[in-house]
Structures are given as structure tokens and as C-alpha cells.
Amino acid sequence: MSTASSLASQMDIHWPRSSWTGAAFRRYHGGYAVVGKINLLGLLTIIVGLLLFGVGGGGVLLAIAGTAAQDTNAIIGAVLLFPLSVTLGVAGIALAVAGVAVRCLAQLTLAMLDAAINTSPFLDDEDRALAMRLGDRK
């Protein structure tokens, strides 16, 4: 049973009312699925960015601890580790910011889909509630 049919049965609505309604709903349903995937991609980008930032920060702390040692090899390792750790930290911040931007774009796309549904001449109020999945929120 499709999502629209199950929501319609919960709301005691005979759905779809016409082929136009079904076609419009399928189009909007696909749009919402894409927005959900874009939002997930943004979240994963933020998580990876924060993990890289954490690894870079840990590397900076290890480099600082290595310079405090009196061993020549530890100092050389710290000198090599420090730029790599800073680069990882900066890349992590950049990825996290990019992830936030992707999630913002997903929210803007979601708002455009909601506006398109709201102004669709093929849907009435109950169909709009079904298309925006307002009927399954409790």
C-alpha cells in the first residue's frame, strides 16, 4: 500500500480523486524523497568534517607534546605532524561548513516544494495535507 493510500485511509479520504491528483502527488513525493537524501548528505558531511577536525586537533596536541620532549626524533616527528594536523583541522571545519550549507539548501528546496504544493491547482486542502505528509504527524 502506498504512502498516500495509507495516509488517505487514516484520514477517511477516497484517494486519488483524479489522475491529475495522483500524478501531482507522485511528482511531489519524489521531490520530498530527493530533499531527504540531500539533507542526509549534508548531515554526513558535517559528521565527517567534525571527525576530521577532532583528528586534526588531537594531532596538534601530540605535536605540542612531542616538541616538549628532549628526544630529537620526537621533535622531528612533531614538526612533521603539526602542519598535517592543522590541515586536517581546517579541512574538517570547511567540510562542516559545507555540510551546513547543503542542509540549508535542502531546507530551501523543501520550502519551495511546500509552496508548489500549496499553490497547485490539482490539489485541494486534504490532498495538500497528504502530499506534505501533514496527516501522519501526531
Side-chain angles (χ1 to χ4, degrees):
M1 180 179 262
S2 73
T3 304
S5 298
S6 65
L7 288 174
S9 65
Q10 290 174 4
M11 298 172 72
D12 295 324
I13 301 170
H14 175 61
W15 194 88
R17 293 186 172 91
S18 70
S19 61
W20 296 106
T21 302
F25 184 85
R26 281 188 297 278
R27 174 173 287 188
Y28 295 133
H29 183 69
Y32 279 113
V34 169
V35 168
K37 288 178 178 65
I38 292 172
N39 202 11
L40 179 64
L41 176 68
L43 179 64
L44 292 175
T45 305
I46 291 170
I47 290 171
V48 169
L50 291 178
L51 287 174
L52 281 177
F53 179 72
V55 169
V60 167
L61 291 177
L62 285 176
I64 291 171
T67 56
Q70 298 299 320
D71 185 23
T72 305
N73 290 334
I75 294 173
I76 292 173
V79 167
L80 295 176
L81 180 64
F82 186 76
L84 175 67
S85 298
V86 169
T87 303
L88 278 175
V90 169
I93 290 172
L95 268 177
V97 168
V100 169
V102 168
R103 291 194 78 184
C104 288
L105 289 174
Q107 289 300 313
L108 286 172
T109 306
L110 184 65
M112 285 189 290
L113 276 170
D114 287 345
I117 288 172
N118 192 38
T119 58
S120 175
F122 304 112
L123 303 174
D124 62 13
D125 287 342
E126 292 173 343
D127 293 331
R128 288 183 184 109
L130 283 172
M132 287 191 247
R133 295 183 156 216
L134 297 177
D136 63 347
R137 297 182 184 165
K138 297 187 179 173

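Because the structure is predicted, anything quoted here is derived from the model rather than measured.
Separation of atoms CD1 (Ile93) and CG (Leu88) is listed at 11.5 Å; rounding is to 0.5 Å. Leu110 contributes atom CG, which lies 11.5 Å from atom CZ of Arg103 (distance to the nearest 0.5 angstrom). Within the model, atoms NZ of Lys37 and CG of Asn39 stand 12.0 Å from one another, a figure rounded to the nearest 0.5 Å. The structure places CD1 of Ile76 at 7.5 Å from CG of Leu80, a figure rounded to the nearest 0.5 Å. Between the CG atom of Asn118 and the CG atom of Asp125 there is a distance of 8.5 Å, given to the nearest 0.5 Å.
Of all heavy-atom pairs between Ala78 and Ala63, the closest is CB-O, 3.2 Å. Across all non-hydrogen atoms, the minimal contact from Ser120 to Tyr28 is CB-OH, 3.7 Å. Of all non-hydrogen atoms in Tyr32 and Leu113, the two that sit nearest each other are N-CD1, 3.7 Å. In terms of heavy-atom proximity, Ile117 sits nearest to Arg128 at O-NE, 3.1 Å.
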Dump the intermediate steps for side chain to side chain contact (heavy atoms under 4.5 Å, CB included) on Leu62 and Leu81, then the final yes or no.
CA-CA 8 Å; Leu62 285 176; Leu81 180 64; 3.8 Å; yes
Between Leu51 and Val55, is the side chain to side chain contact (heavy atoms under 4.5 Å, CB included) condition met? List the steps.
CA-CA 6 Å; Leu51 287 174; Val55 169; 5.6 Å; no
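Put simply, the side chain of Thr109 gets close to the backbone of Leu105: a donor and an acceptor are under 3.5 Å apart.
Residues Val60 and Val90 share a single hydrophobic cluster, defined by chaining ILVMFWY side chains whose heavy atoms lie under 4.5 Å apart.
Other residues, nucleotides and ligands contribute only 12 or fewer heavy atoms inside 6.0 Å of the CZ atom of Phe82.
Side-chain atoms of Leu95 and Leu52, non-hydrogen and from C-beta on, do get closer than 4.5 Å to each other.
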